[in-house]
Amino acid sequence: MQTLAEHEEAKRLLDIGAPLPVVGLADIRESLQRLSIGGALSALELRNVARVLGGGRVLRRFLNAHRNEAPRLFATLSTDPSLDSLAEEIHACFDPDGTLADHASPRLRELRNEYQASRQRLLARLDDILRRHEAIVQDSFVTEREGRYVVPMRADAHERFPGIVHSTSASGATHFVEPRSVIPLGNRLKVLEADVQREEHAIYARLSSLISDQLPSALACADALSIAEVRAAVATLAVDIALRFPTLLDKPALHLVRARHPLLALELEHVVPSDLSLESRRATVVSGPNAGGKTVALKALGLTALMVRAGLPICAGDGSECGLFELVLTDVGDDQNLHKNLSTFSAHITNLVTILEQSADGAIVLLDELAGGTDPREGEALAAGVLDSLCARGAAVAATTHYEGLKALALGDARFTNASVGFDSATLTPTFAITQGTPGASSALAVARKYGMPATVIERAERFLTRTEHDFEKLVQRLHDERAALELARTRVEHERRELQDAKAIVLDEITRLRERDARTVNKETEELLARVKRAREELRAAQARLRGRKLDEADFKAVQRTIDRVAADVAIGGELEVPKEAHVVTKEMAASDLRPGNKAYVPRLRANVEILDVMGPETRVAAGAIKLTVHTSELRAVTAPAAAAPTHASIRMTATITSLETAVQTRENTCDVRGLHVDDAIAMMVTHL
């Protein structure tokens, strides 16, 4: 649904700290409708329109900046950019205090200036009159009566002062007189005032005409802001009471996980959640003790169906699935009406008749205490018939009951499912949790005992119960006990599973740590090996320098030979100067019996012989000379012959890499042939070749 998706985007924006920019704005749709029939707007209405258009501009820019996070809101709430200039023009015509500015038109500025000048002349004339007639004036101030400027005169002296009396004081001691000499000035002031008002109305009409030219866009902007305000309010509500966006189904059904009544979630800090399910052509019979939450569960189902239809997130947990129901039909509460001559039972029957007429595929029906208020046996039969008929018509039904016959329907008809509200027999209090699949005991006597019913009455009531009723109550209680035991076992298994997962995570972390340590060790030993190779090269160059230009005696020859042997031993891995030849390696994996510390193996990836140090299941720790590392056991190959013996001085082939030795291919570049040469010449050629 588009609406649900838009609410989800608004919630996502709120979660990332970018809520929709909505503020309290006046509803201008009525004003805009008046423009459509040729009316003009007042100053306040024009300013409200300008504020709304400005809000549309802010909303459009916000959505453009967040179009990737809210593509549906961007498509739905974007406004016409051409309204920006209209909003600016309206704002420019008003001062910050809301009055029409003088610069709204040149004519208005001219008229207001002339009006102010005339008013100042009039007031100056009246002040002069007050000073000249100080003996007969009541007070030394100028006031206004009926839109004319007047002076207060004593009642016994106004006949001696020429002018027009416009009003008198409440006591009659003062008459407010407009002097005859200022009447022309007052008349001119009234004319200018009327001219100013006409010019202001002309400006209002002009601005109204500009809005009328873009009336569809202005209406769309007002609607967009209204929708944005709703989306923002729903997002805030979703955060406040942990509403969730369900997975939508293509069929009328409800599968709610940890559902709660939304009104209870608003009022209470903690509400007991329950798993609830409804499907077309199926009925759920909810039973259990009074005041256990059966009716609340029905209302939660109905409100959830209506919230999904309205595109609202639901008061349930993650993993809930909801389809769309076309009708929500209910019979909840007591509709007894003395004026309509309806008893409790007849009122319920009237509602049931209407519900049966409207029920069809795509309707959800919620019935509280179905067929109550009459003979229990006949009411039970009637209730079973109603449920059967509703399921046959395709409705999804949830009904609460205390009838044992309805609880037993699920035993022989797959269309019916039992559900029950929990009851703690130890404390005689309901748990309010809904359990699917098992009926609930009414526990009427236990509840009555809890609310103070005398014990003698309870004992007598128990004697009136039939053996069948006793057996049924015991069976239901046993089912609840077994389910509680299974729930405890499931909780224990889940706890153990989490512990195993935590242990597995610890082991994996330890393996990762060991691998990182091995990698650091390899890097360190590689650096040391490179340093040794560098020192060896320097020593060989020094030996070469001693050999140049002079003939060696036996002592010098032995010294150079010792230097070469020391260098060879220093740079070799494991003291070997040659790599095992491929002919000595078997390509199949080593047998499990050969995987023992101390045995030799060959690793093709390293192209080197290794010594097994420790076998750790699928991985094996090995040593390749001075380097220790961990390889997968499947990489180890059996070695059928020992590595080649140490080389002679006549021919030395040596290939060194950072992490492994590679078998050298004999070429002109890597071969030094000293056959037929004297010893000193051979040594000099060998050193030069290195």
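Model, not experiment: these values are computed from the prediction.
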What pairs meet the salt bridge (charged side-chain N to carboxylate O under 4.0 Å, His left out) rule with one or both residues in [range], with sequence neighbours excluded?
{"range": "residues 255-269", "answer": "none"}
{"range": "residues 299-311", "answer": "none"}
{"range": "residues 199-208", "answer": "Glu89-Arg206, Arg112-Glu200"}
{"range": "residues 348-362", "answer": "none"}

Taking [Y]'s backbone N and O only, do any of them form a donor-acceptor pair with [X]'s side chain (distance below 3.5 Å, no angle check)?
{"X": "Arg57", "Y": "Pro81", "answer": "no"}
{"X": "Asp80", "Y": "Ser82", "answer": "yes"}
{"X": "Ser208", "Y": "Tyr204", "answer": "yes"}
{"X": "Asn113", "Y": "Arg109", "answer": "yes"}
{"X": "Ser280", "Y": "Ala395", "answer": "no"}
{"X": "Gln138", "Y": "Pro152", "answer": "no"}
{"X": "Ser389", "Y": "Val386", "answer": "no"}
{"X": "Ser320", "Y": "Val257", "answer": "yes"}
{"X": "Thr79", "Y": "Cys221", "answer": "no"}
{"X": "Asp97", "Y": "Thr99", "answer": "yes"}

Going by an N to O cut-off under 4.0 Å, is there a salt bridge joining [X] and [Y]?
{"X": "Glu110", "Y": "Arg107", "answer": "yes"}
{"X": "Glu6", "Y": "Arg231", "answer": "yes"}
{"X": "Arg131", "Y": "Asp128", "answer": "yes"}

Side-chain touch [X]/[Y], heavy atoms, less than 4.5 angstrom:
{"X": "Leu73", "Y": "Arg67", "result": "no"}
{"X": "Leu367", "Y": "Leu352", "result": "yes"}
{"X": "Asp331", "Y": "Asp368", "result": "no"}
{"X": "Thr401", "Y": "Leu370", "result": "no"}
{"X": "His261", "Y": "Cys315", "result": "no"}
{"X": "Leu122", "Y": "Arg119", "result": "no"}

ring-ring contact (aromatic ring centres under 6.0 Å, His included) evaluation trace for His133 with Phe161:
CA-CA 9 Å; His133 298 82; Phe161 184 82; 4.9 Å; yes
To check you understand the geometry: which heavy-atom pair defines the closest contact between Ile203 and Leu108, and what is its length?
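Result for this residue pair: CD1-CD2, 3.7 Å.
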Could you list the residues that satisfy salt bridge (charged side-chain N to carboxylate O under 4.0 Å, His left out) with Glu114, not counting sequence neighbours?
Arg188
Report the residues that fulfil salt bridge (charged side-chain N to carboxylate O under 4.0 Å, His left out) with Asp27, sequence neighbours left out, ordered by chain and then residue number.
Arg29
Trace of the salt bridge (Lys or Arg N to Asp or Glu O under 4.0 Å) decision for Glu178 with Arg148:
CA-CA 7 Å; Glu178 181 182 13; Arg148 309 289 291 195; 2.9 Å; yes
What pairs meet the ring-ring contact (aromatic ring centres under 6.0 Å, His included) rule with one or both residues in residues 24-80, with sequence neighbours excluded?
Phe62-His66
Strictly by ring-ring contact (aromatic ring centres under 6.0 Å, His included), give each pair with a member in residues 90-127 just once, sequence neighbours left out.
none
Tell me, please, which residues at least two apart from Arg180 pass side-chain hydrogen bond (donor to acceptor under 3.5 Å, both in side chains).
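Testing Arg180 for side-chain hydrogen bond (donor to acceptor under 3.5 Å, both in side chains), a comparison that skips the adjacent residues, returns none.
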Here the gap from Leu126 atom CG to Arg121 atom CZ, rounded to the nearest 0.5 Å, amounts to 13.0 Å
Enumerate the side chain to side chain donor-acceptor pair (under 3.5 Å) contacts for residues 235-249, please, sequence neighbours excluded, ordered by first and then second residue.
Arg244-Asp318
Quick one: side chain to side chain donor-acceptor pair (under 3.5 Å) pairs with a partner in residues 39-56, sequence neighbours left out?
Ser31-Glu45, Arg34-Glu45, Ser42-Glu45, Asn48-Arg51
ring-ring contact (aromatic ring centres under 6.0 Å, His included) with His175: which residues, sequence neighbours excluded?
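Expected list: His158.
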